[in-house]
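Report on the following structure.
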Amino acid sequence: MTCSTTSHLKFTAPRTKMAKKRKLDGNADVVKIGNKTISLEGYLSKKLKKEAPASDVKDERIQNPDLPLTETLPTVKSDAEDQQKSSKIPSSKRPAGDPEYLKTRQSLPLWAHQDEIRRLLRKDDVLVLVGETGSGKSTQVPQFLYQEEWCQKKRVRIGSQGRAEEVTVGGIIAITQPRRVAATTLAHRVSREAGTPLTGERGGSDKKGASSRGLVGYSVRFDHRVPPGTRIKFVTEGMLLQELLRDPHLRQYSAIVVDEIHERSVDVDLLSGFLKQIVSGDKAGRGGIPLKVVIMSATANVESIKKFFSGADDKRPQTPATQEAQPGPSVQYLQIEGRQYPVVATHTPKPVADIQETLLKTIFKLHTEEPLHDKYGPNDILAFLTGQEEIEGAQKLIEEYAATLGPKVPKIKVFPLFGQLSMEAQHEAFQPVKGDFTRKIVLATNIAETSVTVPGVRFVVDCGKAKVKQYRPRLGMESLLAKPISKSSAIQRAGRAGREGPGKCFRLYTQETYDDLQKTDLPEILRTDVLGAVLTMKARGIDDVLSFPLMDPPEVESVEKALLHLHLLGALADDGSITETGRKMVMFPVTAPYARVLLAAADPEYDCLLEVIDIISCITAGDDIFMQIQSEEVREEVEAFRKELSRREGDLLTYLTTMQLYVAENTDRAQWCKARRLNVRNMKQALNIRKQLRGLCVKQGMTKQPAPDPQPFSPISPEQADTILKCFLKGFALKTAMLAPDSSYVTAHGKHVVAIHPSSVLHGQKKEAIMFLEHVYTQKNYAKKVSAIQAAWIAEALEQ
DNA sequence: TGTCCCGGT
């Protein structure tokens with residue numbers, strides 16, 4: 001047999017070398033790593049190579065295969081009415097936009113639809129807009145609308161004759177985003193397109209450009225740029241919910257554009273409910289001026305969303321309130337093509353037994369058969385896996401096998417990509433790979449599905465699963481397990497191969513498995529503890545939370561559990577109305593139990609507010625400020641440093657010591673973190689949260705202005721430690737466990753066996769009783785953020 | 001005795 005294909009040649013060359021180098025029991029097609037043996041035999045042979053390709057598996061073209069890929073420039077015909085309207089605005093007041101960007105804007109699929117969008121919103125108040133990836137909806141829609149007549153600021157009289165007041169309504173369009181980076185980068189992009197500056201903290205407190213007016217602004221936590229004259233404001237969903245506390249009628253806005261609604265965060269579900277109430281209400285709170293709502297989705301299954309806003313879907317129990325509700329508004333609908341290259345998806349002919357093995361084979365088959373570059377750019381590979389452990393295992397396998405390949409085979413560089421990775425390590429995965437003769441392979445979790453875009457990707461490998469957190473209200477705990485993804489998620493993953501040129505997606509599951517996938521993911525509100533959602537509603541004036549409009553209402557039992565829990569925390573009175581305590585709790589950007597602990601800490605009985613703020617700042621800053629240590633050598637080295645941080649009372653006091661030493665360190669905090677393997681990004685975030693919480697507590701009169709940093713470090717006494725832990729029990733009385741005779745921990749509430757998670761400083765230790773802030777089922781029932789407490793404290797805490 | 005999908009106020 002002659003080796004006629006180059007790819008085969010490429011593989012034959014390294015085999016002898018690999019055999020020499022790795023001494024693999026005489027079988028060159030076997031890779032042995034740890035206790036795992038993977039056979040590549042057959043797969044790389046010509047025989048199988050003829051069978052494997054797409055001929056015997058079904059192909060599926062994803063997203064507009066017929067779309068012309070050449071950029072067409074539609075001629076824009078503005079109608080007479082439009083020209084007349086815009087000519088009334090003095091040209092000096094009409095930002096023309098930056099001509100440099102005009103050509104690019106005109107090439108967007110959305111550009112040709114701008115008159116239609118304006119017309120639909122003049123007619124009705126709600127528009128559902130489906131625009132697939134690359135349509136330009138997030139940047140263009142607000143620019144099309146802000147000069148509309150209905151979008152101008154107006155003075156109106158509000159209230160009955162006796163106590164009428166004149167207020168300003170409208171003038172600004174808000175565009176909500178699920179993530180901070182999206183809100184800030186979109187704002188920068190639109191301000192450049194508009195040719196106006198994006199400067200000024202809260203309308204101009206910084207020196208440079210403080211007085212310069214701008215069209216575009218943004219507002220996310222810890223970062224606000226709203227120049228005077230802002231008409232288009234990008235915000236996170238959570239930020240707009242927060243504004244809703246102060247201004248229930250959203251009076252400063254003429255329109256709210258809800259972007260990426262298909263992601264279905266709890267925040268966007270709540271926001272949709274409030275927006276539905278505003279658009280279908282009597283508008284008295286806005287002086288009769290309507291609020292326009294544009295709902296934007298990247299996926300086309302919006303039937304339920306349309307029904308929700310038009311009121312045709314009333315799933316709520318029939319109560320006097322729902323029966324009297326007015327008929328909903330009419331909802332306009334528009335679908336716009338995306339600008340994606342076609343992606344061909346292939347499925348495996350048979351179910352895959354070993355994901356790692358099939359992943360390795362798929363990647364090396366691609367690597368040897370496909371060119372490194374083509375006219376569209378690099379041909380890199382992005383693989384979707386479930387978690388850190390799987391990614392690191394796969395990386396090791398790929399690197400070991402790649403090292404055995406001969407000099408004629410292109411090199412491979414593997415980049416892991418998951419949330420807990422440092423900023424620099426994540427950044428590396430986005431850079432073009434160094435060296436012409438190298439292919440980039442990114443092994444990612446779901447972070448690459450929505451949160452970040454890896455450039456250069458033309459091949460996607462999809463394992464078909466993702467880890468999903470699910471709350472179990474009956475058990476009061478959550479699970480984090482790998483589950484099959486939805487069809488919509490599979491399509492989204494495949495689409496990542498078609499951003500820069502025609503792509504291919506290799507699904508490591510069968511066509512049949514794909515066909516059986518759920519159409520969409522379960523929205524977060526059905527997978528999470530609704531405690532926070534219920535408190536959010538109560539604080540915004542919703543008395544009967546069960547009749548609040550939600551696209552997917554949680555089970556009544558879950559809501560009732562949350563109401564009881566809030567009552568136990570003192571946020572709700574016996575009649576279900578919100579208490580003073582509850583109103584104070586929602587002011588804090590932390591979950592209800594933490595907010596309760598903050599309030600208790602200000603009580604003279606405990607008097608440990610600054611300490612509690614330090615602890616809560618560390619906990620809510622990210623997954624964990626302590627990074628996991630891989631190798632044994634590093635562990636010994638780091639343990640020496642970490643010893644001075646850890647406290648025998650457990651994780652909470654360890655966090656406190658860490659924060660106190662961190663702020664006392666005044667030479668090189670980054671280096672200090674590095675030596676202790678602390679996540680620098682999370683520590684900086686913790687410091688931001690600490691500053692915000694301190695500010696809020698001062699404002700609430702809970703404490704006087706704390707002394708500025710750096711303060712000298714003085715360790716907490718055992719008595720003070722007891723007080724702090726008792727204070728945390730005010731929020732976490734139910735999350736406690738006692739040591740049983742068989743050395744297991746049994747929870748006080750529910751009598752479940754829990755194990756102390758290996759990330760805890762108390763892992764492997766036996767204490768009389770423990771308190772834990774998190775309860776997650778993964779491999780086992782794990783207790784996380786654990787502290788040692790006295791058994792007597794549990795009864796004491798439960799009595800209150 | 002051995003570990004963590006992604007976001008957000």
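Since we're looking at a predicted model, the values are computed, not measured. Chain A is the first sequence line, chain B the second, and so forth, proteins listed ahead of strands; every chain is numbered from 1.
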Classify the nucleic acid contact of [X] as base, sugar-phosphate or nothing, counting any heavy atom under 4.0 Å across all strands shown.
X: A:Thr778; answer: sugar-phosphate
X: A:Ile447; answer: sugar-phosphate
X: A:Lys766; answer: nothing
X: A:Gln779; answer: sugar-phosphate
X: A:Gly238; answer: sugar-phosphate
X: A:Val590; answer: base
X: A:Ser265; answer: nothing
X: A:Arg264; answer: nothing

Checklist entry - Taking the chi torsion of B:dC5, is it syn (within 90° of 0) or anti (everything else)? => result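 That one's anti.
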- More 5' along DNA chain B: A:Phe626 or A:Arg179, using each one's nearest nucleotide?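 Upstream on the strand: A:Phe626.
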Any residue meeting ring-ring contact (aromatic ring centres under 6.0 Å, His included) with A:Tyr777, in chain and number order, not counting sequence neighbours
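Scan of A:Tyr777 (ring-ring contact (aromatic ring centres under 6.0 Å, His included), adjacent residues dropped) gives none.
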#### Entry: Step-by-step side-chain contact (heavy atoms from CB on, under 4.5 Å) determination, A:Met659 to A:Leu687
CA-CA 8 Å; A:Met659 177 55 91; A:Leu687 211 55; 4.1 Å; yes
Q) First and last nucleotide of DNA chain B touching chain A, 5' to 3', heavy-atom cut-off 4.0 Å? A)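 Extent of the interface on DNA chain B: B:dT1 to B:dT9.
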>> Going by side-chain contact (heavy atoms from CB on, under 4.5 Å), name the residues that satisfy it together with A:Gln395, two or more places apart in sequence or in a different chain.
In response: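 Expected list: A:Glu399, A:Val414, A:Pro416, A:Leu443.
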Using the test salt bridge (Lys or Arg N to Asp or Glu O under 4.0 Å), find all partners of [X] that sit at least two apart in sequence or belong to another chain.
X: A:Arg583; result: none
X: A:Lys538; result: none
X: A:Glu649; result: A:Arg647

